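Predicted, not measured: the structure shown is a model, and the values here were computed from it. Letters A, B, ... are given to chains in the order of the sequence lines, protein chains preceding strands, and every chain is numbered from 1.
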Amino acid sequence: MALEQIRSALVTVLREMGVADPSVGLERPRDPSHGDLATNVAMTLAKVLGRPPRQIAEEIVSRLDLVAAGVSAVEVAGPGFLNFRLSSGAVASVLDDILDADGSYGRSGSGKGESVMVEFVSANPTGPLHLGHGRQAALGDAVASLLDWTGWRVHREYYYNDSGTQMDNLALSVRARYGQHFGRPGEIPENGYHGAYVADIAQALADEVGDRWADDDSAEALDAMRAFAVRLIREEQDRDLADFRVHFDEYYLESSLYRDGRVDATVQALRDAGYVYERDGAVWLRTTEFGDQKDRVMIRSNGAPTYFLPDVAYHLGKWERGYHRVINVQGSDHHGTVSRVRAGLRALGLPEGYPEYVLHQMVRVERDGKEVKFSKRAGSYTTLRELYEEVGVDVARYFMLMRKPDAHLVFDLDMALDQSDKNPVYKVQYAHARMCSIFAKAGLEPEEAVAGSHADLSLLVHDLERELIKRLREFPETVERAASQAAPHVVCDYLEQTAGAANSWYHAGNPSRNPELTVLADDPALRAARLVLTRAVQIVLHNGLTLLGIDAPRRMDRAEAAVPA
RNA sequence: GCGCCUGUAGCUCAGGUGGAUAGAGCAUCGGCCUUCUAAGCCGAGGGUCCUGGGUUCGAGUCCCAGCGGGCGCACCA
């Protein structure tokens, strides 16, 4: 690899010049006239060496010998940058690596096979999943995938808050609708659920048990109705997620924490740790010891725990299950829980900063600059399913990922429904399909362009080709960076730019306009080299899309314009 | 009032951990175009990076103080 050779040569030279432990950053300059690679070491070392940057740069150049690394020229530029120009063969050598690695190009091992848990979605089973859950599903799944690609052993987990007040409200709502079904005068309670799905559940219940509980106000009947409702809602949520291509390794029930005695055990552990006190008939935890803004109630004066307690028990359990790295994906409206849960865990001796959080802002769907709501099923909100049935799963997933989690997400329906290159998802998919179509045109399978085939890659000398190749080379480091920042949008950004570069290259070679740039050139050597590049582009786009959970079709079947429901 | 997030082109947003002339998509405008199948291609205009200080060779990026927006501050989850 030219890059590593240059880096180590620089390190050697800098040692000779008296720098003890030089760290050399090499980057691809924005402006192609600044060469293929550049470093700013001369500037960063100006202070240490007590000399002007350009003078240091000149000395480095005079000591370097980089012919073997494929460097064709080195120059000092601007305030003290060193710009390297590579031979076309050195630039293109990465294509062989890409074809060799194929479906695993972009994977790396920095996670060293250690375990990490990603917990996401974790919606209460009180109704269908909404848009916020959709963003969370796409994000959590992509973050998990990024960790997988960078060498972690990933566990995807969903936590169901299936105990507590919200469940009671659900059960009471179902009982009201069920009663109404049989002409009884029930009313949905103040904090109950009004969506159409509640009536559906009541209907299903009536279909199953008839009027058996129509006049039964007992706790047993209510429990049965609660269990029935939770089962149906969980099934619906699972369907919604499966059709969104999101799957979990484990579903963890809050109720199991009580059954297994983990909640009681946690209280005892906290007592033993000495951070528990009683006041006004309630049991408190001194979370202010660990940076929380105020102490928190664990057990209310009526004897019932607050949600905070099972939360701590749950996360302690994660640690005890061996997950010493955990990433929780949550809506930022829950960010208040972060310092509380962490404080509770630190009281039990777990490290500061455990678990990690990815907090995301809310989603707003707009058409023509105005917010749209097309909720039928849930009443007050748009469901995830309603969205992806409108725009398609690929588009929905991609749009949920393409903004950084911190930022509010404006989901532009006009753009989402557009089927041209203006839609970033299609832009990337078209570029991939285009590469495939070149092979179809040549009467080859893409896999037939093999690395180490006698293609002379130094023939790829055109600026558009060099720029494209340099982008392909950056894919692994892009994945690495996206993973370390838990930021899938970095990959989206990369794919759009790479697809753009590929499209420009492809279009520049339009045979009727510019036959000398055509991929399927008459000259067999040139054709072979360009087919290697075509294949490499296809691999990178395929891997990037796959990583994000988005299809990479070989052919784009243009769908009928989406029919408004 | 306190805490977290946020403020970059008309709009939606990037900006690789401090580097060269701040980028992309959409929209707008101007040229091409019927193809190695993709309602396409090429190009242009457009900026007080919220404001004011500070740190240094260099700040959209780091620090401080303001201003604007979002969210959170229950014996709710």
Side-chain angles (χ1 to χ4, degrees), chain A residues 25 27-31 33-34 38 40 43-44 46-47 52-53 77-81 83 124 126 161 163-167 191 254 279-284 292-294 296-308 310-311 331-339 359 361-362 366 369 402-412 414-415 418-424 426-427 429-431 433-434 437-442 474 477-478 480-482 485 489-490 492-494 496-497 500 503-504 506-513 515 517-521 530 534 555-558:
Chain A
E27 58 175 27
R28 182 174 65 85
R30 275 273 157 264
D31 184 344
S33 74
H34 293 142
N40 62 355
M43 276 127 68
T44 60
K47 182 162 271 178
F81 288 99
N83 294 337
N124 297 347
T126 55
N161 291 99
S163 316
T165 327
Q166 301 307 322
M167 293 298 102
N191 294 318
E254 181 189 1
R279 196 179 74 201
D280 305 331
V283 180
W284 297 69
D292 199 2
Q293 285 189 283
K294 52 170 293 202
R296 304 293 165 179
V297 171
M298 296 193 301
I299 302 174
R300 292 180 263 171
S301 50
N302 68 3
T306 62
Y307 71 96
F308 163 65
D311 256 14
S332 61
D333 53 336
H334 286 96
H335 77 252
T337 66
V338 174
S339 56
L359 301 176
Q361 297 279 355
M362 292 300 132
E366 284 187 5
M402 70 184 187
R403 305 300 182 213
K404 67 178 164 203
D406 287 340
H408 287 271
L409 177 62
V410 175
F411 195 111
D412 183 342
D414 297 310
M415 191 182 286
D418 190 298
Q419 305 219 357
S420 75
D421 271 5
K422 288 176 195 162
N423 183 329
Y426 290 121
K427 175 178 175 175
Q429 289 184 326
Y430 278 137
R434 240 171 228 132
S437 78
I438 293 173
F439 284 100
K441 184 78 176 181
E474 288 171 357
E477 66 202 64
T478 301
E480 194 81 44
R481 183 158 51 93
Q485 296 175 190
H489 76 278
V490 169
C492 295
D493 217 56
Y494 171 86
E496 281 172 60
Q497 291 185 31
N503 286 339
S504 294
Y506 170 86
H507 287 120
N510 184 329
S512 71
R513 200 174 328 171
L517 260 178
T518 226
V519 176
L520 299 175
R530 286 183 178 155
T534 304
R555 256 186 303 278
M556 295 294 281
D557 296 316
R558 203 169 265 283

Next on the checklist: Using the P atom as the point on both nucleotides, what is the distance between B:rC4 and B:rC64, in whole Å?
Outcome noted: 11 Å
Item to check | Pairing residues for A:Asp311 by the salt bridge (charged side-chain N to carboxylate O under 4.0 Å, His left out) criterion, not counting sequence neighbours | outcome: none
Checklist outcome for this item: Rounded to whole Å, CG of A:Asn191 lies from P of B:rA77 at a distance of 12 Å
Checklist entry - So, does the side chain of A:Ser332 form a donor-acceptor pair with the base of B:rC5 at under 3.5 Å? => result no
Checklist entry - Atom NZ of A:Lys294 to atom C1' of B:rG72: distance rounded to whole Å? => result 13 Å
Checklist entry - Taking atom C1' of B:rU12 as reference, at what distance in whole Å does atom CD of A:Glu496 sit? => result 12 Å
Item to check | Partner set under ring-ring contact (aromatic ring centres under 6.0 Å, His included) for A:Phe81, not counting sequence neighbours | outcome: none
Checklist entry - Between B:rU35 atom P and A:Leu520 atom CG, what is the distance in whole Å? => result 16 Å
So which protein nitrogen or oxygen atoms get under 3.5 Å of nucleotides 41-43 of chain B's nitrogens or oxygens?
{"residue": "B:rC42", "atom": "OP1", "partner": "A:Ser504", "partner atom": "OG", "Å": "3.4"}

Checklist entry - B:rU8 and B:rU48: how far apart are their P atoms, nearest whole angstrom? => result 12 Å
Next on the checklist: Using a 4.0 Å heavy-atom cut-off, does A:Thr306 contact any base of the nucleic acid, only the sugar-phosphate backbone, or nothing at all?
Outcome noted: sugar-phosphate
Checklist entry - When you compare B:rG18 with B:rU37, how far apart are their P atoms, in angstrom units rounded to a whole number? => result 47 Å
Item to check | Euclidean distance for C1', B:rA24 against B:rG46 (whole angstrom) | outcome: 14 Å
Checklist outcome for this item: Of A:Gln361 and A:Asp418, the one whose closest nucleotide on RNA chain B sits nearer the 5' end is A:Gln361
Next on the checklist: Please enumerate all residues that pass salt bridge (charged side-chain N to carboxylate O under 4.0 Å, His left out) together with A:Arg481, with sequence neighbours excluded.
Outcome noted: none
Next on the checklist: Using Watson-Crick or G-U wobble geometry with both distances under 3.5 Å, which nucleotide pairs with B:rC2?
Outcome noted: B:rG72
Item to check | Counterpart base for B:rA65, defined by Watson-Crick or G-U wobble contacts under 3.5 Å | outcome: B:rU51
Checklist outcome for this item: Rounded to whole Å, the CG-C1' distance (A:Asn302 to B:rC76) equals 12 Å
Checklist entry - Among all residues two or more places apart in sequence or in another chain, which pass the ring-ring contact (aromatic ring centres under 6.0 Å, His included) test with A:Tyr494? => result A:Phe475
Next on the checklist: When the P atoms of B:rU56 and B:rU12 are compared, how many Å lie between them, rounded to an integer?
Outcome noted: 37 Å
Checklist outcome for this item: By the Watson-Crick or G-U definition, both distances under 3.5 Å, B:rU12 is matched with B:rA24
Checklist entry - Who pairs with A:Asp292 by salt bridge (charged side-chain N to carboxylate O under 4.0 Å, His left out), at least two apart in sequence or on another chain? => result A:Arg296
Next on the checklist: I'd like the P distance from B:rC41 over to B:rG25, given in whole Å.
Outcome noted: 11 Å
Checklist entry - C1' atom, B:rG23 versus B:rC32: distance in rounded Å? => result 26 Å
Item to check | Separation of atom OH in A:Tyr494 from atom C1' in B:rA24, rounded to whole Å | outcome: 16 Å
Checklist entry - If we take the P atom in both B:rG40 and B:rC50, what is their distance in whole Å? => result 34 Å
Next on the checklist: Please pick, from B:rA77, B:rG72, B:rC75, the nucleotide with the shortest atom-to-atom distance to any side-chain atom of A:Val297.
Outcome noted: B:rC75
Checklist entry - If we call it a pair only when both distances are under 3.5 Å in a Watson-Crick or G-U wobble match, what pairs with B:rU17? => result none
Item to check | Heavy-atom donor-acceptor pair, A:His334 side-chain to B:rG72 base, under 3.5 Å | outcome: no
Checklist entry - When we call it a touch if two heavy atoms are under 4.0 Å apart, what does A:Tyr426 touch: a base, just sugar-phosphate, or nothing? => result nothing
Next on the checklist: For nucleotides 13-22 of chain B, give me one character per nucleotide, 5' to 3': B if any protein heavy atom sits under 4.0 Å from the base, S if the only such contacts are to the sugar-phosphate, - if neither.
Outcome noted: SSSBB-BB--
Item to check | Pairing nucleotide - B:rG40, Watson-Crick or G-U, each distance under 3.5 Å | outcome: B:rC32
Item to check | Proximity to the side chain of A:Tyr307 - top-ranked nucleotide from B:rA38, B:rG72, B:rA77 | outcome: B:rA77
Next on the checklist: B:rA38, OP1 or OP2 - any side-chain N/O from A:Tyr506 closer than 4.0 Å?
Outcome noted: yes
Checklist entry - Any side-chain heavy-atom pair from A:Met415 and A:Pro424 closer than 4.5 angstrom? => result yes
Item to check | B:rG60 - base-pair partner by Watson-Crick or wobble geometry, distances under 3.5 Å | outcome: none
Item to check | A:Trp284 side, atom CH2; A:Arg279 side, atom CZ - distance, nearest 0.5 Å | outcome: 4.5 Å
Checklist entry - For A:Asn510 and B:rU34, what is the distance between atoms CG and C1' respectively, to the nearest whole Å? => result 10 Å
Item to check | Results of salt bridge (charged side-chain N to carboxylate O under 4.0 Å, His left out) for A:Glu366 - residues two or more places apart only | outcome: A:Arg364
Item to check | Where the chi angle of B:rU8 falls, syn if within 90° of 0 and anti if not | outcome: anti
Item to check | Pairwise distance CD(A:Gln497) to NZ(A:Lys427) - rounded to 0.5 angstrom | outcome: 8.5 Å
Checklist entry - Atom CG in A:Leu409, atom NZ in A:Lys404: separation rounded to 0.5 Å? => result 13.0 Å
Checklist entry - So with a 6.0 Å cut-off around CZ of A:Arg555, is the heavy-atom count from everything else above 12? => result no
Item to check | Rounded distance (Å) that lies between atom C1' of B:rC26 and atom NZ of A:Lys422 | outcome: 9 Å
Item to check | Partners passing side-chain contact (heavy atoms from CB on, under 4.5 Å) against A:Pro29 (at least two apart in sequence or in another chain) | outcome: A:His34, A:Ala38
